[in-house]
Amino acid sequence: MNEVIVNQDSIIGDASIEKAKRKSKWLQFFKGMLFLFPSIVLFGMFLFYPLGRTIYLSFFLTDNSGSPTVFVGLDNFIAIFTSPIFQKSLMSTFLFVLYIVPGTVLLGLFLAIIANEKLKGIGIFRTIFSSTMGISVAAASVFWLFLFHPTIGWLNQMISVVGIEAIGWLTDPQWALMSVSISTIWMNVGFTFLILLGGLQSIDSYLYESANIDGASYFYKLRRITLPMLSPTLFFVVTVTLINAFQTFGQIDLLTRGGPQNETNLIVYSIYQNAFMNYQYGMASAQAFILFAIILILTFVQFKLGERKVHYQ
């Protein structure tokens, strides 16, 4: 009889302990959610709700105010993928990203390696290289608009000295996308340079000292020490640059407005045209969802494939 009472007491004790553990876990969960509540509200208002609303509108035709009128299902997506204009926009966007990402990262890396050298007055060059971060897209676009001007632009004036005919940088379909890409690389290189310079300065100096003792050359140290130790920073920079390239809008609007012949009509600018110029909010929402899916897939692939080559200290 006493053994039965003891067993019942132990069972009740174990149950009360489990109940106390569950209560403690729920209490910790609610405390954590309380701290996260402001962030959840902000993300919900400015990220999750717009995303859900965009997906919802992509299945409707809308009026001029953006209110859904007729449910069309996947018709918006079918119309987009069968549109020659969207196909051209998609090709131009991928080509633009192909120009921007390697150009920005390689130029930023080159400048960062130079600025990381311990030379007298190098701080001046670091300030110059990172100065594009402090210039707005609008101001930078106006600056490049003057450079690309067909008659008074400095670029055409410089090439005319060596006997080359003037180029329609922003009006010639063969040059427009490349011209916008060059201006975008210049605008983005300041941020890339600063991040990569910070990554270079975080590499332990004893690695270079050991390599110097062994008589390693500069390029051997660059290949075997600098780039492997900089790989986490490079991975971050490539990912951010890739996402930003797909979201480019300001310089397109100010320099070319999608022309000539839709050569610079990137997906983001096409979304803007459909939504705020043609008032086709359903079509624009479908394009926005497609752009979101493209960026999500490429970022996922980047993390799966690119992170394997990242060497964390």
Results of ring-ring contact (aromatic ring centres under 6.0 Å, His included) for Phe125 - residues two or more places apart only: none

Is it true that a side-chain atom of Asn265 and a backbone atom of Ser89 form a donor plus acceptor pair closer than 3.5 Å? no

Between CE of Met187 and CD1 of Ile100, what distance do you get to the nearest 0.5 Å? 9.5 Å

Joint cluster assignment, Met91 & Phe86, ILVMFWY side-chain distance < 4.5 Å: no

I'd like to know if the side chain of Gln287 pairs up with that of Asn274 as donor and acceptor (distance under 3.5 Å, no hydrogens or angles considered). yes

Does one hydrophobic cluster hold both Trp186 and Leu106, with members joined at side-chain heavy-atom distances below 4.5 Å? no

Of all residues at least two apart in sequence or in a different chain, which pass the ring-ring contact (aromatic ring centres under 6.0 Å, His included) check with Trp175? Trp169

Cluster overlap Tyr279 with Val72, hydrophobic side-chain contacts below 4.5 Å: no

Mind jotting down which residue pairs meet the side-chain hydrogen bond (donor to acceptor under 3.5 Å, both in side chains) criterion with at least one end in residues 58-84? Sequence neighbours excluded, please. Asp63-Ser65, Ser65-Ser67

Before we go on, tell me: are the rings of Trp154 and Phe148 under 6.0 Å apart, centre to centre? no

Who pairs with Thr226 by side-chain hydrogen bond (donor to acceptor under 3.5 Å, both in side chains), at least two apart in sequence or on another chain? Tyr208

Between Phe303 and Phe235, is the ring centroid distance below 6.0 Å? yes

For Tyr281, check ring-ring contact (aromatic ring centres under 6.0 Å, His included) against everything at least two apart and list the hits. none

Ring centroid separation for Phe77 and Phe81, is it under 6.0 angstrom? no

At what distance, to the nearest 0.5 angstrom, does OG1 of Thr93 lie from CD1 of Ile267? 4.0 Å

Checking Thr184 against Gln251: is there a side-chain donor and acceptor pair closer than 3.5 Å? yes

Can you spot which of Ile271, Ile290, Leu57, Ile55 makes a side chain to side chain contact (heavy atoms under 4.5 Å, CB included) with Ser285? Leu57

Hey, is the main chain of Pro228 close enough, under 3.5 Å, to the side chain of Ser231 for a donor-acceptor pair? yes

Between Tyr269 and Tyr272, is the gap from one ring center to the other below 6.0 Å? yes

Scan for salt bridge (charged side-chain N to carboxylate O under 4.0 Å, His left out) pairs involving residues 241-263, sequence neighbours excluded, and state none if there are none. Lys88-Glu263, Asp253-Arg257

